[in-house]
**Student:** 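One structure, as structure tokens, below. Some questions next.
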There are 2 protein chains.
Amino acid sequence: MKILIVEDEPKVASFIKKGLEENNYDAEIAYDGLTAEKLCKQYNYDIIILDIIIPGIGGLSLCKKLKILYPYLPVLMLTALGTTDDKLAGFEAGANDYLVKPFEFRELLARVKVLIKTADQSHETINKLIIADLELDLYKKTARRGSTHIELTAKEFSLLEYFMRNAGRVLSRNDIAEKVWDISFDFSTNVVDVYVNFLRKKIDKGFDKKLIHTRVGFGYTFGD
Amino acid sequence: MKILIVEDEPKVASFIKKGLEENNYDAEIAYDGLTAEKLCKQYNYDIIILDIIIPGIGGLSLCKKLKILYPYLPVLMLTALGTTDDKLAGFEAGANDYLVKPFEFRELLARVKVLIKTADQSHETINKLIIADLELDLYKKTARRGSTHIELTAKEFSLLEYFMRNAGRVLSRNDIAEKVWDISFDFSTNVVDVYVNFLRKKIDKGFDKKLIHTRVGFGYTFGD
DNA sequence: TTTTATTCATGAAAATCCTGATAGTTGAAG
DNA sequence: CTTCAACTATCAGGATTTTCATGAATAAAA
């Protein structure tokens, strides 16, 4: 677990670093915003502990910037400013948590743990659609049914994504044609049928529980 | 291994120098801060052994300064001041280790070894992206696949860096064009294709396991 | 200038997508 | 239980799109 501490007071910074390292975190210190940015480019930190008052760009701006570059990187803001307005400003800048100095280290540690945990969870699920034992990886553009890896073409992928995002609902051929093919009211084609068939071969064939069901006269449903 | 000893007492300085040279280190002495700075500019030292009480700028300030100029250069502080506050001041100034006089040479040697080793480790990984047997050196702007050295042009480098930082993820031509070329929504160019092709020739051609994979209809993925 | 790096333009090759025909199902009416 | 029309599944091929690889043109650097 890699942690970046952005803090210009060497005492505070090294105190936190030490404490974290005692808890088996891998912590590094940046004494100003620019260094922090550079380090973020170099490493994949799991969390950033960020002081608001730092040399250069300033903590709030830095936080905003980082949130654009690394949306899933949790930021714990750390500062002496303790009014509600200050806190709100921090959260507006995208902070995930806000701790006012002075603080007990135990609290900081607890909050860090929570942030890492939740970030980890959301990061893992945010890129995936999961229904039953079928998993669609939106980053890798692949699927996994149970333990078998499935490669999909672009059209198959968008069709499956549409199905999974509307699982349980009956989708007419027209709904599907509109959303996946951007065509409407064209009854001269059977592309939808054909592609549903392709998908079935890939994700249902050989598996006990079928996920794509046809509803005669209506269209298709996805799910179990 | 080049070591700089910053120490104004000639007796102590030459004692350390001798000891280090006996252990096959290449040691030099600076008797004041100014000289030390100059020498650092001229040579790439692997570690600095720094006395706090030296003529001129003073050891603590010098340490801070050096740490800004050469953040990864380890500093072992050496001094007669042994209180906790003194030590903390040393660490605050950026020292990587702090040894109180009088000391046994064996201990100094051991600490020097450790510092060089850890600096080496962090220095080695800090500038590198490694995926499978491909290593991208961010400082030298070169790559290495297995044992073969690969030279890259500027664009090839940024493309490969973007690939490696997003390994496993499918990157669309647009993603790539945006991040590497700073152009968006320009479908009239095939630069991305061309450069992916250049990269393939350099890092994949002749190797068994390909690292750049095209996902027809989606873009490219990097990794194995 | 010469060399090197980058971009553009092109056609061939490959993968994907779609069409249209046929075969198979379903379920309501007889 | 049959029949039959409407609906659905499947397949082969050809059309289309996407990607690869190359050489030439332009821009930048030595």
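To find a chain, count down the sequence lines: A is the first, B the second, and so on, and within it residues start at 1. The figures here come from the full heavy-atom set of this structure, side chains too, leaving out hydrogens, waters and symmetry mates.
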**Student:** Could you list the residues that satisfy side chain to side chain contact (heavy atoms under 4.5 Å, CB included) with B/Asp32, not counting sequence neighbours?
**Tutor:**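 Scan of B/Asp32 (side chain to side chain contact (heavy atoms under 4.5 Å, CB included), adjacent residues dropped) gives B/Leu34, B/Thr35, B/Pro55.
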**Student:** Taking only residues two or more places apart in sequence or in another chain, which ones pass side chain to side chain contact (heavy atoms under 4.5 Å, CB included) with A/Lys11?
**Tutor:**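 For A/Lys11, the residues satisfying side chain to side chain contact (heavy atoms under 4.5 Å, CB included) (neighbours in sequence not counted) are B/Glu92.
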**Student:** Counting only heavy atoms not in A/Lys64, do more than 12 sit closer than 6.0 Å to its NZ atom?
**Tutor:**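 12 or below, so no.
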**Student:** In whole Å, I'd like the distance from the CG atom of B/Asp193 to the P atom of C/dA12.
**Tutor:**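 From B/Asp193 CG to C/dA12 P: 18 Å.
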**Student:** Provide the full list of salt bridge (Lys or Arg N to Asp or Glu O under 4.0 Å) pairs with a residue in residues 145-159 of chain A, sequence neighbours left out, each pair given once.
**Tutor:**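 Salt bridge (Lys or Arg N to Asp or Glu O under 4.0 Å) check on residues 145-159 of chain A returns A/Asp133-A/Arg145, A/Arg145-A/Asp204, A/Glu151-B/Arg215, A/Glu156-A/Lys202.
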**Student:** Could you work out, with side chain to side chain contact (heavy atoms under 4.5 Å, CB included) as the rule, every residue matching B/Asp193, not counting sequence neighbours?
**Tutor:**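 For B/Asp193, the residues satisfying side chain to side chain contact (heavy atoms under 4.5 Å, CB included) (neighbours in sequence not counted) are B/Arg173, B/Asn190, B/Tyr220.
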**Student:** Going by the rule side chain to side chain contact (heavy atoms under 4.5 Å, CB included), which residues pair with A/Ser61 if we only count those two or more places apart in sequence or in a different chain?
**Tutor:**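 Side chain to side chain contact (heavy atoms under 4.5 Å, CB included) list for A/Ser61, sorted by chain: A/Ile57.
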**Student:** At under 4.0 Å between heavy atoms, how does the protein contact nucleotides 24-30 of chain D? Give one character per nucleotide, 5' to 3', with B, S or -.
**Tutor:** -------
**Student:** Identify the pairs formed between an N or O of the protein and an N or O of nucleotides 11-16 of chain D at a distance under 3.5 Å, and give each distance.
**Tutor:**
{"residue": "D/dC11", "atom": "OP2", "partner": "A/Lys201", "partner atom": "NZ", "Å": "3.3"}

**Student:** Using side chain to side chain contact (heavy atoms under 4.5 Å, CB included) as the criterion, point out the one residue from B/Ile47, B/Asn23, B/Asp46, B/Val112 that pairs with B/Met1.
**Tutor:**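 Looking at B/Ile47, B/Asn23, B/Asp46, B/Val112, the match for B/Met1 under the side chain to side chain contact (heavy atoms under 4.5 Å, CB included) is B/Asp46.
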**Student:** Among residues 207-224 of chain B, which residues get a heavy atom nearer than 4.0 Å to DNA chain C?
**Tutor:**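 Result for residues 207-224 of chain B: B/Val216, sorted by number.
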**Student:** Sequence neighbours excluded, which residues qualify as ring pair (Phe, Tyr, Trp, His ring centres under 6.0 Å) partners of A/Tyr195?
**Tutor:**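 If we apply the ring pair (Phe, Tyr, Trp, His ring centres under 6.0 Å) test to A/Tyr195, skipping adjacent residues, the hits are A/Trp181, A/Phe198.
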**Student:** Can you list every ring pair (Phe, Tyr, Trp, His ring centres under 6.0 Å) pair that touches residues 151-174 of chain B, not counting sequence neighbours?
**Tutor:**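 Sorted pair list: B/Phe163-B/Phe222.
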**Student:** Looking at residues 149-180 of chain A, who's got a heavy atom less than 4.0 Å off DNA chain C?
**Tutor:**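 Within residues 149-180 of chain A, the residues near DNA chain C are A/Thr153, A/Ala154, A/Lys155.
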**Student:** So, taking the atom named CD1 in B/Ile3 and the one named CD1 in B/Ile29, what distance separates them when rounded to the nearest 0.5 Å?
**Tutor:**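 B/Ile3 CD1 to B/Ile29 CD1: 12.0 Å, rounded to 0.5 Å.
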**Student:** Look up atom CZ in B/Arg169 and atom CG in A/Asp137, then write down how far apart they are to the nearest 0.5 Å.
**Tutor:**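 Output value for this atom pair is 10.5 Å.
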**Student:** What is the distance, to the nearest angstrom, from the CG atom on A/Asp204 to the C1' atom on D/dA9?
**Tutor:**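 Rounded to whole Å, this separation is 14 Å.
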**Student:** Work out how much the helix from C/dT1-D/dA30 to C/dG30-D/dC1 bends between its end axes, five pairs an end, to the nearest 10 degrees.
**Tutor:**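 Comparing the axis at each end, I get an angle of 30°.
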**Student:** Please report the interatomic distance CG(B/Leu4) to CG(B/Leu66), rounded to the nearest 0.5 Å.
**Tutor:**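 The CG atom of B/Leu4 sits 8.5 Å away from the CG atom of B/Leu66.
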**Student:** Heavy-atom nearest nucleotide on DNA chain C for A/Thr189 versus B/Trp181: which residue maps closer to 5'?
**Tutor:**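 It is B/Trp181, whose closest nucleotide lies nearer the 5' terminus.
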**Student:** Could you give the distance from CG (A/Leu60) to CZ (A/Phe91), rounded to the nearest 0.5 Å?
**Tutor:**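 A/Leu60 CG to A/Phe91 CZ: 12.0 Å, rounded to 0.5 Å.
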**Student:** To the nearest 0.5 angstrom, please state how far the NZ atom of B/Lys17 sits from the CG atom of B/Asp26.
**Tutor:**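 Answer for the NZ-CG pair, B/Lys17 versus B/Asp26, is 8.0 Å.
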**Student:** What's the CZ-C1' distance between B/Arg200 and D/dA21, to the nearest Å?
**Tutor:**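 Spelled out: CZ on B/Arg200 to C1' on D/dA21 is 11 Å.
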**Student:** Rounding to an integer number of Å, can you tell me how far B/Tyr195 OH sits from D/dT22 C1'?
**Tutor:**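 Nearest whole value for this atom pair: 15 Å.
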**Student:** How long is the span from the CG atom in A/Leu20 to the CD atom in A/Glu28, to the nearest 0.5 Å?
**Tutor:**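 Separation between the atoms: 12.0 Å.
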